[in-house]
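This report refers to the structure that appears directly beneath it.
Because the structure is predicted, anything quoted here is derived from the model rather than measured. Letters A, B, ... mirror the listed sequences (proteins, then strands); counts begin at 1.
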2 protein chains.
Amino acid sequence: MKIDPQNPADLSAQIASAIRDAIVSGALIVDQRLPSEAELSEQFEVSRPTVREALKRLAAQSLIRTQRGATGGAFVNRISFEEAYSQQITTSTLLLSMNAVSFETACEARYALERACAGLSAKRRTADHLATMRAEIHRQSQPGLTDEAFCASDVAFHRALVDGAGNPVMSYQLAGAVEAMQPLMNMITFSARDRARIVAMHGDIADAMTQQDAAAVEAGLTALEHETQQLAIHAFAARSAAKQGSAT
Amino acid sequence: MKIDPQNPADLSAQIASAIRDAIVSGALIVDQRLPSEAELSEQFEVSRPTVREALKRLAAQSLIRTQRGATGGAFVNRISFEEAYSQQITTSTLLLSMNAVSFETACEARYALERACAGLSAKRRTADHLATMRAEIHRQSQPGLTDEAFCASDVAFHRALVDGAGNPVMSYQLAGAVEAMQPLMNMITFSARDRARIVAMHGDIADAMTQQDAAAVEAGLTALEHETQQLAIHAFAARSAAKQGSAT
DNA sequence: GGAACTTTAATTGTCTGACATTAAAAACGC
DNA sequence: GCGTTTTTAATGTCAGACAATTAAAGTTCC
């Protein structure tokens, strides 16, 4: 580390990259203090604002944290699952919304991955997970619920299912897949009948989880995927029809 | 957006957050130009360096890109799958290496998710995917290969399997799970016999893919998971034994 | 001698103002 | 009308300064 070619462009990006490599490679370990900004600017032969921009880049990725004061400075940060979750959700959400990923593709990926949890989750789920699922099912049955709140509850239900696997790595990987679907789901209007069907399916899945019947959980998820895909097809058909109508 | 409480701390983080929210919520759309740094510093009533630090934070997350010159500025960036991949891999890798996640947990998550691809991938894989898998199997059989190169080839094999599903969202979500395992795998020394067994299993999986036999692909992955877990147990047992020996 | 208070020093956070670099648009010459 | 030059608006970088914060060292008082 600490070397920097005299490339003309974007010194702060180069410095950030050098420090990032040092962290990823293990040359800088967790909680280790980086040199002060003044020292870094000497080492890299740049000004302090440039060093600061590099450090902010790393802070944005939760690779470092900073403390003020006499013994302050920049420290290599231990990335928590929480931080990793929220980063993944932001990236996944934007990736889907910006790249014209079809609802079908995103939905397929989500349910395929979620089915991957079914086996472990059916086996390991605790009473807490079951209680959360039941509570969300109950919330979803409330009549006055907005579509948005319905979708949020849907996400919470599925997160409980995923967390039931008791594998934090899996929960982390799935967070993006499940949460990023929410904006897409929000584009759908759920009729009372649609909601009733979904709630029933959630009930079936919760029952299967209670009985630790992995195959039934998978089957329930597959049924739910099919239902969701159908709803989306109708919603988008209706939407494009309305567009046609207003255009003519 | 554009509001900013007079909270004392970390103005650049607040500004970055405000702009990020505007992008995520859709108030700022792809390729839209942000106000110039000078204008932003007026709007937020801070200096230009502070605005710049905020913009660098966003650039680090690929939310914006900047261009110099007369018509330059900061533009909302369309996050590409490529960028999202590499971000996910960095975050996942650090998450695993920094949080003392057991090999067992990471391995379980990885294979569970990979099995989720098996069905789609068996059905949709093209000749290209099969060819890549065969090529990597061949490379893995080379005698002079370093452990690191063997692991890299292993990753390439599995990525081909995942990509075979033809679902870019799934490939993206799996990238982290598969690649982040590599540093952990690199801690294992593969004997010639170990490698032969793994290569044989890869061959079985490739055969199943060729025949589009989803169940066989899943079975092959399960067998491979078991083999990997066993190898890891022995490797870590040997390692801790060596540690004991050197300590006394 | 010990506890409470004060001072000091180191570090990040922010500001001001300036200059360099870049790239597109405008002006100019022919 | 086309090629060249100039202008201009923007980011990239720098230098120097001050404010805010925090921990440690020093000081005072009991």
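- Side chains of A/Gln87 and A/Ser62: a donor on one and an acceptor on the other come within 3.5 Å.
- Closest to the B/Pro49 side chain, of the nucleotides C/dT16, C/dT14, D/dA15, is C/dT16.
- For A/Thr126, the side chain to side chain donor-acceptor pair (under 3.5 Å) partners two or more places apart in sequence, or in a different chain, are A/His129.
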In a table with atom names and distances, give each donor-acceptor pair under 3.5 Å that connects a side chain of residues 161-169 of chain A to protein atoms at least two apart or in another chain.
{"unit_1": "A/Asp163", "atom_1": "OD1", "unit_2": "A/Ser171", "atom_2": "OG", "d": "2.8"}
{"unit_1": "A/Asn167", "atom_1": "OD1", "unit_2": "A/Val169", "atom_2": "N", "d": "3.0"}
{"unit_1": "A/Asn167", "atom_1": "OD1", "unit_2": "A/Met170", "atom_2": "N", "d": "3.1"}
{"unit_1": "A/Asn167", "atom_1": "ND2", "unit_2": "B/Thr105", "atom_2": "O", "d": "2.9"}
{"unit_1": "A/Asn167", "atom_1": "ND2", "unit_2": "B/Glu108", "atom_2": "OE2", "d": "3.0"}

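- To the nearest angstrom, C1' of C/dT12 lies 13 Å from CG of B/Leu11.
- For A/Ile15 and D/dC14, the CD1 to C1' distance is 13 Å, given to the nearest whole Å.
- Taking atom CZ on A/Phe75 and atom C1' on D/dT22, their separation rounds to 12 Å, with Å as the unit.
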At a cut-off of 3.5 Å, list every protein nitrogen or oxygen paired with a nitrogen or oxygen from nucleotides 7-11 of chain D, distance to 0.1 Å.
{"unit_1": "D/dT11", "atom_1": "OP1", "unit_2": "B/Glu37", "atom_2": "N", "d": "3.3"}
{"unit_1": "D/dT11", "atom_1": "OP2", "unit_2": "B/Glu37", "atom_2": "N", "d": "3.2"}

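- With sequence neighbours excluded, the residues forming a side-chain contact (heavy atoms from CB on, under 4.5 Å) with B/Ala13 are B/Asp10, B/Arg57, listed by chain and number.
- Between A/Glu53 atom CD and C/dT12 atom P there is a gap of 16 Å when expressed in whole angstrom units.
- The CZ-P distance, from A/Phe44 to D/dC14, rounds to 13 Å in whole Å.
- A straight line from CZ of A/Arg65 to C1' of C/dT12 spans 15 Å, rounded to a whole angstrom.
- Listed by first and then second residue, the ring-ring contact (aromatic ring centres under 6.0 Å, His included) pairs that reach into residues 169-190 of chain A are A/Phe150-A/Phe190, sequence neighbours excluded.
- Partners of A/Ser17 according to the side-chain contact (heavy atoms from CB on, under 4.5 Å) rule, which considers only residues two or more places apart in sequence or in another chain, are A/Arg20, A/Asp21.
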